[in-house]
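The analysis underlying the following values was restricted to heavy atoms, covering all of them including side chains, and did not include hydrogens, waters or symmetry mates. Numbers restart at 1 for each chain; the letters A, B, ... are given by sequence-line order, proteins then strands.
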Amino acid sequence: MVSERHVERSFLSETKKISTVFYQKLPVQPVLFLVRVWYNIKGCLRNGLRQAAIPCIVIQKKFRRSPILDKKYDPKKVEPAWQKHWEEDQVNKTASSHPGEKFYCLEMFPYPSGNIHMGHVRNYTIGDVIARYKRMRGYNVLHPMGWDSFGMPAENAAIKHGVPPSRWTHENIKHMKYQLNQLGLSYDWDREITTCSPEYYRWNQWLFLKMLEKGIAYRKSSYVNWCPSCVTVLANEQVIDSKCWRCDNTVVQKELDQWFLRITDYAEELLTACDELSGWPEKVVLMQKNWIGKSYGVEVDFRMDGMDESIKVFTTRQDTLFGASFVCLSPNHPLSSKLVPDKISLEEITSRYGKVDEKVGLFTGGYCVNPMNNEKIPVYIANFVLMEYGTGAIMSVPAHDQRDFDFAGKYGLPVRVVISPEKESSESGARGPSEAYEEEGVLVNSGQFTGLKSREARERIAEYIEENGIGKKVVNYKLRDWGISRQRYWGTPIPVIYCDGCGITPVPEKDLPVVLPENVKLTGTGSSPLQESESFIMTSCPSCGGKARRETDTMDTFVDSSWYFIAYCFGRAGIDFDTDTGKLKEELGYWMPVDQYVGGVEHAVLHLLYSRFFTRVMRDLGIVDFSEPFINLLTQGMVIKDGAKMSKSKGNVIDPDHLIENYGADTSRLFSLFAAPPERDLEWSDKGVEGAFRFLNRVWNIVVRNVDSLWSVEMTVFDKKELEGFPSPLRDLLRKTHQTIKKVTNDIEREYHFNTAIAALMELVNEIAGVEPSDERAAKVLRFAIENVLLLLFPFTPHIAEELWRAIGNETRASEQKWPVWDEDIATTEKIELVIQINGKLRGKLMVPRGLPDEEIKRIALGEEKIAEFIGGRDIKKVIVVKGRLVNIVPGG
RNA sequence: GCCGGAGUGGCGGAAUUGGUAGACGCAAGGGACUUAAAAUCCCUCGGGUCUAAAGCUCGUGCCGGUUCGAGUCCGGCCUCCGGCACCA
C-alpha cells in the first residue's frame with residue numbers, strides 16, 4: 001500500500017521535472033495545473049490504485065492534453081486547428097492501395113458563382129457524412145470535388161464589369177474552395193477538376209470528335225429556341241413556359257445551323273433501363289420516363305385531293321379515325337407554304353406558333369381524303385401543331401378531343417361522334433355540345449369496326465392500315481435530339497473547321513485542345529463572340545491545307561457535366577492526354593460507377609439524363625463497360641425560410657459565412673442534418689441552430705466535467721456477465737450505449753436517416769449527463785459511453801469529435817477509428833414491457849421476462865386485477881399475443 | 001389537364017413489417033442557482049373531463065371500409081407542394 005506521503009513525494013519530484021523541462025509548454029497556468037494534478041493523484045489514491053508509478057503516468061498524460069481544451073466550447077479555436085491537421089496528415093486523400101471495397105461518393109459539383117449558399121451546405125454536408133461514415137466502415141472512399149466553371153454568369157460579369165471571365169471564375173473558385181474547407185468537408189483536393197481548363201475540355205472535344213465519327217454528333221438546320229436577351233440558342237430543356245430559364249424573357253423561334261447529339265438513338269434504352277434504377281428515387285425515374293415520353297400509335301397517309309401530295313399524320317387514337325373531320329398542319333410544315341401562297345396570312349399564323357393562350361387556324365383551301373371512309377375533309381394550318389413532334393400534322397377529331405372541339409366550334413367544322421361510352425349512362429345522352437368525350441368506349445359510325453371497344457379497335461385498325469398500305473404502326477418519343485451549339489464565348493470550342501473545298505472537317509486529335517482565346521472582346525451584343533476574333537477563326541484546313549475557318553460556337557455547358565464523374569477517376573486530371581481506350585477502361589473500371597450520388601432534384605431530367613446518355617456513348621466507344629453511371633441517387637430537399645425557397649429577391653437568404661462565424665461548421669452541419677430527413681425540404685430556424693449549438697456545448701461540458709476521471713481509466717469493453725453486478729444506472733448507460741450504436745448505424749444504413757440518428761445520440765448524451773464518475777468502475781462506464789458518442793458523432797460533427805477524442809487522452813485520431821460495433825446481448829433487455837389491450841385499446845402495462853411463452857403471457861395478463869375489472873366477467877373470445885409488443889384481449893358480448 | 005409527393009401538438013419532425021401516436025429538438029410556462037442578468041440545471045407541456053392525481057374520453061386533412069387492432073392497408077373526396085404540359 002502506498003502512503004499519501006509517498007505519493008506526495010513522487011508528485012513533487014515529477015512536477016519539478018515537468019516545470020524545468022516543459023514549463024513554457026504548460027497548457028494552463030502552472031499553479032492551476034499543479035492543483036489539478038494533485039487533485040488527480042488524490043483521486044487515484046481514493047480509488048485504491050496501489051502503484052506509485054500511477055501518479056507519474058497521470059502527470060505525463062495530463063501534460064499531453066490538447067492545449068486547446070478549454071472550459072468553454074469555442075469552435076473558432078477547434079475547427080481551423082483540426083482542418084489544418086487533417087490537411088497536413090492528408091487524411092482525406094484517396095488511398096493508392098487499400099484493402100477495403102471501393103466506395104465512390106459524389107456530390108453534384110457547383111457552378112463557381114462566387115459564394116456558397118445554404119443549398120450547398122446541405123448537399124455537401126450530406127455527402128460528407130456518407131463519405132466519413134463509409135471510411136470508418138473500412139471502405140476505400142473516393143470523395144472528390146470540382147467546378148462546373150463554364151457558363152454565362154462569367155460572361156455577364158465580363159460584359160458588366162470588364163473582368164475577364166477566366167479571372168472572375170478563378171477568383172470565385174478560390175473563395176468557394178476556402179468556404180468549403182471551412183465546413184470541414186473531407187474532399188481529396190488532389191483530384192479537383194475545373195471544366196474551363198483546357199486539360200479538361202479537350203476531353204469534351206475528343207468525345208465530340210468520337211461522336212462525330214460515329215454519327216452521333218451531326219449538323220442540321222433547325223428551328224431553335226432563341227433568347228433575344230441572352231442572344232443565344234437554348235435547349236428545349238432550358239425553355240420554361242416558353243420563357244428563357246435564366247433571364248425569363250420570351251423565347252422566339254429562329255432557324256440556324258446547329259450541332260446536335262443523337263440522344264434519340266438511345267431513347268428506348270434510356271427508357272427501359274429506367275427499371276433498373278432501383279437505387280434512385282422513384283420520383284426521378286418517373287420524371288425521366290415522362291421526359292422520354294414514349295407513345296404507341298400509327299402514322300396514316302391522308303392523300304391530298306387533286307394534288308400529288310399526301311399528309312402524314314401521327315395519332316395514338318386510331319380508334320377515332322372515322323371521326324376525323326379536318327386535318328391541321330404546323331405552320332412550319334413544308335406543305336404549309338405550298339398550300340398558302342398568301343404570305344401575310346401564313347406569317348400571321350407562324351408568328352403565333354406555339355402560343356398556348358390562343359388557338360388560331362387558317363383554311364388552306366385544300367382538301368384531303370380520310371383513307372378509312374374516303375371522305376373529303378378540309379386542310380387547315382394551325383398554330384398549335386408542333387413541327388417537332390410526330391409528323392408536324394394532325395388529324396382532328398372534334399367529338400373526342402377537347403382542343404379539336406373548340407377549334408371546330410370556332411371555324412364551324414362538323415363534329416361526328418364515333419365513340420360512345422361503354423356503360424350507357426343517363427349522362428351520355430345529356431352530354432351537351434360543350435364538351436368532347438375523350439375517354440375510351442365502343443366504336444359507332446366506324447364502318448366494319450363499329451361495335452369494337454377502343455382498345456381492340458386500335459389494334460385492328462392499325463393492322464388494317466398496314467395491310468392496305470395507308471400507313472404503319474409507329475412508336476413516338478417526346479425526347480428530341482440535344483442541340484449543343486451555343487453562340488457564347490465562355491464554353492468549350494467545338495473542334496470543327498469549315499473549308500470551302502473540303503466542307504466540314506474535324507480538328508485532328510493531335511491538335512487538341514482547340515484553346516479558347518483569352519483576348520476576346522465581350523460586348524453582350526451580336527451573336528457569337530468568337531466571330532470577332534480573327535486570330536481564332538483563321539486557320540488552315542487539316543485536309544487540304546488551304547485557308548479555312550473555325551467553328552465559332554461553343555458547347556452547351558451540360559456537356560461538361562455529362563461525364564465529369566469519370567474525370568475524377570483519372571487520378572491525374574488531364575495531366576497527360578492518353579486516349580487509348582483500353583487503358584482508359586482499366587483506369588475507370590475500379591472507381592466507376594458512382595456508388596452514391598447526392599444532389600438537387602432540379603437535375604432530374606437535364607444533367608442526370610445526359611449523363612446516362614454519355615455513359616452509354618462511352619460504353620459504345622469502348623471506354624467503359626457499364627451503362628449506368630450512378631447506382632444510388634439521393635436528391636436532397638430545398639432549404640426553405642419563411643415558407644419559401646431562399647432567394648435574394650425575397651430577401652430570406654441565410655449566409656453560410658455568418659453561420660460559421662457565429663456558431664461554427666459543426667453546428668451548421670448538425671442543424672442541417674437534424675432539422676429534417678435529407679430528401680425533404682428543410683425549414684430554416686434560427687432557434688433550431690441555437691439548439692444544435694447547445695447540444696454540442698452539452699457534449700463539450702460533459703467531457704470537461706469528467707475529463708480527470710476519463711484520464712484515470714483505460715477504454716474498457718464489458719461483456720454481459722460483468723454487467724450483472726453493476727448498479728442499475730451504470731448498467732442502463734452501457735445498455736443505452738450499445739442500443740445507440742445499433743440505432744445510429746441502422747438509421748444511416750436505412751436511407752440515411754440522419755435526423756433520427758442524431759436524436760438517438762442526444763438521448764444517450766442526456767443519459768450520460770446523469771451519471772457521476774463516483775468510482776473507477778463508473779469512470780470506465782463513462783469512458784466507454786463517451787468514446788462511443790464521439791465516434792458516432794464524428795461523421796456529423798468531425799471537429800468537436802476529433803478535439804474531444806484527443807482531450808480525453810487518446811493519442812490516436814477519431815478520423816482513423818473504426819465505426820463502433822454493438823453487443824446485441826447487452827443491447828437487448830432481459831425484461832420487456834408488454835402492453836395489455838382490450839379490443840385494441842390500451843388498458844395496462846406489464847413487465848415480463850423476454851422470451852416468455854405466449855400461454856404464460858396470456859395467463860399473467862388475464863390475471864391482472866385491472867384487466868379483470870375491465871372484462872367484468874365476460875367471456876374471452878380471443879387473445880392475441882404479438883411477440884415483444886403486446887397482448888390484446890377480445891371479450892365476447 | 002396529366003404524372004408524382006405530402007397532410008401528425010404552437011413549430012421542425014418521430015413512430016422500421018398493421019401493434020403503446022407525439023421520440024428528439026424548438027417555442028412556451030414554472031422552479032433552482034445569482035445582488036442582477038446571461039448561461040446552466042430541474043419540472044410541466046395534444047384537447048376535454050376532474051380541486052388534483054389516477055382514471056375516463058376525444059385525437060394523425062375529410063367520409064366510409066377491412067381488421068382483435070389503422071397515422072400505416074383499401075375505396076371515395078378536400079387542401080397544399082413539385083414536375084410535365086397545345087405531345088395529337
Side-chain angles (χ1 to χ4, degrees), chain A residues 72 240-242 281-287 289-291 293 295 297 313-317 320 328 330 353-359 382-386 388-397 401-404 406-407 438 476-480 601-602 604-605 637-638 640 643 670-671 674-677 679-692 694-695 697-698 701 743 746-747 750-751 753 755-763 765-766 769-770 833-845 866 877-891:
Chain A
K72 201 165 169 289
I240 294 149
D241 280 338
S242 64
E282 235 172 296
K283 178 189 173 176
V284 176
V285 175
L286 275 162
M287 279 166 80
K289 282 185 177 172
N290 289 340
W291 192 266
S295 57
V313 153
F314 171 72
T315 181
T316 53
R317 287 299 300 271
T320 65
C328 291
S330 163
Y353 177 66
K355 285 208 174 137
V356 182
D357 33 11
E358 51 167 350
K359 289 165 182 55
N383 68 331
F384 61 83
V385 182
L386 303 172
E388 299 82 25
Y389 184 76
T391 58
I394 61 163
M395 65 166 195
S396 290
V397 186
D401 181 282
Q402 191 56 43
R403 190 193 46 211
D404 293 348
D406 296 340
F407 192 87
E438 296 187 323
N476 225 310
Y477 300 93
K478 285 181 196 168
L479 185 70
R480 272 161 261 167
V601 73
E602 66 271 18
V605 278
M638 287 185 299
I640 304 283
L670 188 69
F671 171 74
F674 177 63
E679 311 231 354
R680 257 206 251 184
D681 286 350
L682 184 152
E683 173 74 36
W684 186 261
S685 154
D686 291 334
K687 292 289 182 183
V689 177
E690 298 220 12
R694 237 182 339 243
F695 169 69
N697 269 290
R698 226 165 124 72
N701 293 338
K743 170 130 180 80
N746 290 342
D747 282 353
R750 179 176 60 96
E751 307 287 321
H753 284 191
N755 55 332
T756 49
I758 291 165
L761 276 165
M762 287 172 168
E763 281 186 61
V765 168
N766 287 343
E833 189 187 57
L834 277 190
V835 162
I836 308 176
Q837 294 183 338
I838 293 175
N839 277 329
K841 280 209 166 94
L842 175 71
R843 293 300 179 200
K845 288 175 185 181
K866 223 176 109 193
K877 223 162 111 186
K878 208 172 175 185
V879 179
I880 296 140
V881 179
V882 181
K883 280 246 176 306
R885 288 203 184 266
L886 56 81
V887 43
N888 188 19
I889 300 161
V890 188

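The CG atom of A:L670 sits 5.5 Å away from atom CE of A:M762, with the distance rounded to the nearest 0.5 Å.
Between A:K878 and A:N755, the residue whose closest nucleotide on RNA chain B is further toward the 5' end is A:N755. When the nearest nucleotides of RNA chain B are assigned to A:S685 and A:N383 by heavy-atom distance, the more 5′-ward of the two goes with A:S685.
At a threshold of 4.0 angstrom between heavy atoms, the contacts of A:N476 with the nucleic acid are absent. Contact annotation for A:K883: no contact, since no heavy-atom pair falls under 4.0 Å across all strands. Using a 4.0 Å heavy-atom cutoff across all strands shown, A:K289 reaches no nucleic acid atom at all. Contact annotation for A:T315: backbone-only contact, meaning every heavy-atom pair under 4.0 Å involves sugar-phosphate atoms and none involves a base. Counting non-hydrogen atoms under 4.0 angstrom, A:N766 reaches the backbone sugars and phosphates but no base. Across all strands, A:R885 comes closer than 4.0 Å only to sugar-phosphate atoms, never to a base (heavy-atom distances). Heavy atoms of A:V890 sit under 4.0 angstrom from primed sugar atoms or phosphate atoms, though from no base atom. Across all strands shown, A:V385 has heavy atoms under 4.0 Å from base atoms, whether or not it also approaches the sugar-phosphate. At the heavy-atom level, A:G691 lies under 4.0 Å from the strands shown only through sugar-phosphate atoms. Within the 4.0 angstrom heavy-atom criterion, only backbone atoms of the sugar-phosphate kind lie near A:E763; the bases stay farther away.
Side-chain contact check for A:V890 versus A:N839: some heavy-atom pair is nearer than 4.5 Å. Inter-residue side-chain proximity for A:I394 and A:R403 is flagged as met; some heavy-atom pair is nearer than 4.5 Å.
Checking B:C24, B:C87, B:G4 against the side-chain heavy atoms of A:A759 singles out B:C24 as nearest. For A:M287, taking side-chain heavy atoms from C-beta onward, the closest of the listed nucleotides B:G83, B:G4, B:U20 is B:G83. Residue A:T756 has its side chain nearest to B:A14 when only B:G4, B:C87, B:A14 are considered.
Nucleotide B:G7 holds its C1' atom 14 Å from the CG atom of A:D681, rounded to whole Å. Whole-Å rounding puts the A:K687 NZ to B:C11 P distance at 17 Å. Atom CE of A:M762 is separated from atom C1' of B:G12 by 12 Å (rounded to the nearest Å). For the pair A:Q402 CD and B:A88 P, the computed distance is 16 Å after rounding to whole Å. In this structure, A:R680 places its CZ atom 19 Å from P of B:G25, rounding to the nearest Å. What separates CZ of A:R480 from P of B:C84 is a distance of 13 Å, to the nearest Å. The CE-C1' distance, from A:M638 to B:A6, rounds to 13 Å in whole Å. What separates CG of A:D747 from P of B:A23 is a distance of 16 Å, to the nearest Å.
Glycosidic conformation, B:G9: syn, with the torsion inside 90° of 0.
Look at the C1' atom in both B:A38 and B:C33: the space between them is 13 Å, to the nearest Å. A gap of 16 Å separates the C1' atoms of B:G7 and B:G22, to the nearest Å. Nucleotides B:A28 and B:G76, compared at atom P, are 45 Å apart to the nearest Å. Comparing the C1' positions of B:C26 and B:U34 gives an interatomic distance of 26 Å, to the nearest angstrom. Comparing the P positions of B:A27 and B:A39 gives a spacing of 10 Å, expressed to the nearest Å. Using atom P as the reference point in both B:G10 and B:G5, the two lie 28 Å apart (nearest Å). Comparing the same atom, P, in B:G61 and in B:G29 gives a spacing of 29 Å after rounding to whole Å. Look at the C1' atom in both B:G75 and B:C80: the space between them is 22 Å, to the nearest Å.
With a 6.0 Å radius and a threshold of 12 heavy atoms from other residues, nucleotides or ligands, A:E751 has its CD atom at or below the threshold. Counting heavy atoms of neighbouring residues, nucleotides and ligands inside a 6.0 Å radius, atom CD of A:E388 exceeds 12 of them. Other residues, nucleotides and ligands contribute only 12 or fewer heavy atoms inside 6.0 Å of the CZ atom of A:R885.
In terms of polar N and O atoms assigned as donor or acceptor, the side chain of A:Q837 comes within less than 3.5 Å of the base of B:G19 in a complementary pairing.
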List every contact pair, protein side and nucleotides 37-41 of chain B side both N or O, where the distance is under 3.5 Å.
residue	atom	partner	partner atom	Å
B:C41	OP1	A:R698	NH1	2.6

Secondary-structure notation, RNA chain B, from Watson-Crick and G-U pairs under 3.5 angstrom (| other strand)
(((((((..(((......[....))).(((((.......))))).((((.....))))..(((((..]....))))))))))))....
